[in-house]
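Remarks on the structure that follows.
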Amino acid sequence: VRHVYADAGTYPVQLTVDGPCNDLVFSTSAAISSVGLDESELGFAVSPNPTEGLLRVEGTQRPEAYRIVDLAGRQVGAGSWPEADLIDLRSLSAGSYVLELQRDGRSQRVLVVKR
C-alpha cells in the first residue's frame with residue numbers, strides 16, 4: 001500500500017483487510033516531516049537515470065562525498081567521492097533511491113531509479 005502526501009504533518013492511517021471470517025483493521029498515524037526533494041544550486045547532473053547500475057555525475061566541480069538512501073530512509077551507501085566520477089549501484093535491488101551529493105557543506109538530492 002502506498003500513498004503520497006501533499007504536505008508535511010501527522011496523518012491517521014488505517015488498513016482494512018477483508019477476510020472470509022471477518023475484517024481486520026490496523027490503525028496508526030504517519031508523521032511526514034518533509035515532502036519532495038530539496039532543490040539546490042550545486043548543479044550536478046546525474047546520468048543515466050534510470051540506470052542499470054553505474055551513475056555518472058557531472059558538474060563544474062566534483063562532489064566531496066555522497067550518500068544513498070532508500071525510500072524508507074535507510075542509508076544503503078555512502079563514501080567520499082570516487083576518482084572515476086561513477087557511483088556503482090549494481091549491488092542494490094531494483095527500485096528508487098535518493099542520491100545526496102555533498103560539497104562545501106551543502107547538498108543536492110536526486111531521485112534515482114535502479115532497474
Side-chain angles (χ1 to χ4, degrees):
V1 176
R2 183 185 301 218
H3 182 76
V4 177
Y5 294 92
D7 296 306
T10 301
Y11 296 90
V13 177
Q14 182 172 324
L15 173 66
T16 303
V17 180
D18 296 325
C21 296
N22 57 10
D23 295 343
L24 295 173
V25 178
F26 301 93
S27 297
T28 188
S29 61
I32 309 301
S33 59
S34 65
V35 177
L37 298 174
D38 296 338
E39 295 295 326
S40 170
E41 67 254 7
L42 290 176
F44 295 118
V46 176
S47 65
N49 190 11
T51 182
E52 297 292 329
L54 293 176
L55 279 177
R56 177 169 301 283
V57 177
E58 299 174 313
T60 57
Q61 297 180 323
R62 298 176 76 211
E64 296 166 343
Y66 72 95
R67 278 184 355 125
I68 302 168
V69 178
D70 67 15
L71 295 185
R74 294 180 297 255
Q75 181 173 303
V76 296
S80 54
W81 192 248
E83 285 297 316
D85 291 332
L86 293 172
I87 298 176
D88 190 350
L89 304 180
R90 291 178 289 191
S91 65
L92 298 178
S93 300
S96 298
Y97 298 89
V98 176
L99 171 64
E100 181 179 296
L101 303 166
Q102 302 160 355
R103 172 127 192 126
D104 298 329
R106 298 183 300 159
S107 63
Q108 176 179 336
R109 292 173 188 87
V110 178
L111 182 65
V112 174
V113 176
K114 162 78 170 32
R115 290 191 239 187

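From a predicted model like this one, the values you see are computed outputs, not experimental measurements.
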Study note, to complete from the structure: Of all heavy-atom pairs linking Leu42 and Gln108, the shortest is CB-OE1, 3.5 Å
Exercise for review: Kindly give the heavy-atom pair with the smallest separation between Glu64 and Arg103, and that separation in Å.
Suggested key: OE1-CA, 3.6 Å
Check your understanding: Any donor and acceptor pair, going by atom type alone, linking the side chain of Gln14 with main-chain N or O of Val25 inside 3.5 Å?
Key -> no
Show me the donor-acceptor pairs within less than 3.5 Å that the side chains of residues 77-84 make with the rest of the protein, sequence neighbours left out.
{"residue": "Trp81", "atom": "NE1", "partner": "Asp85", "partner atom": "OD1", "Å": "2.7"}

Revision key, fill the gap. Hits for side chain to side chain contact (heavy atoms under 4.5 Å, CB included) against Asn22, two or more places apart or cross-chain, chain-then-number order -> none
Point to revise | Check: Val112 and Ile68 side chains under 4.5 Å, non-hydrogen atoms | key: no
Practice item. Sorted by first residue and then second, give each side-chain hydrogen bond (donor to acceptor under 3.5 Å, both in side chains) pair with at least one member in residues 49-58; sequence neighbours left out. Key: none
Under 3.5 Å, which donor-acceptor pairs do the side chains of residues 88-100 form with other protein atoms, sequence neighbours left out?
{"residue": "Asp88", "atom": "OD1", "partner": "Arg90", "partner atom": "N", "Å": "2.9"}
{"residue": "Asp88", "atom": "OD1", "partner": "Arg90", "partner atom": "NE", "Å": "2.9"}
{"residue": "Asp88", "atom": "OD2", "partner": "Arg90", "partner atom": "NE", "Å": "3.2"}
{"residue": "Asp88", "atom": "OD2", "partner": "Arg90", "partner atom": "NH2", "Å": "2.8"}
{"residue": "Tyr97", "atom": "OH", "partner": "Ser93", "partner atom": "O", "Å": "2.8"}
{"residue": "Glu100", "atom": "OE1", "partner": "Arg109", "partner atom": "NE", "Å": "3.3"}
{"residue": "Glu100", "atom": "OE1", "partner": "Arg109", "partner atom": "NH2", "Å": "3.4"}
{"residue": "Glu100", "atom": "OE2", "partner": "Gln102", "partner atom": "NE2", "Å": "2.7"}

Point to revise | side-chain hydrogen bond (donor to acceptor under 3.5 Å, both in side chains): pairs with one or both residues in residues 66-76, sequence neighbours excluded | key: Arg67-Gln75, Asp70-Arg74
Revision key, fill the gap. So ring pair (Phe, Tyr, Trp, His ring centres under 6.0 Å) across residues 7-31, not counting sequence neighbours, yields Tyr5-Tyr11
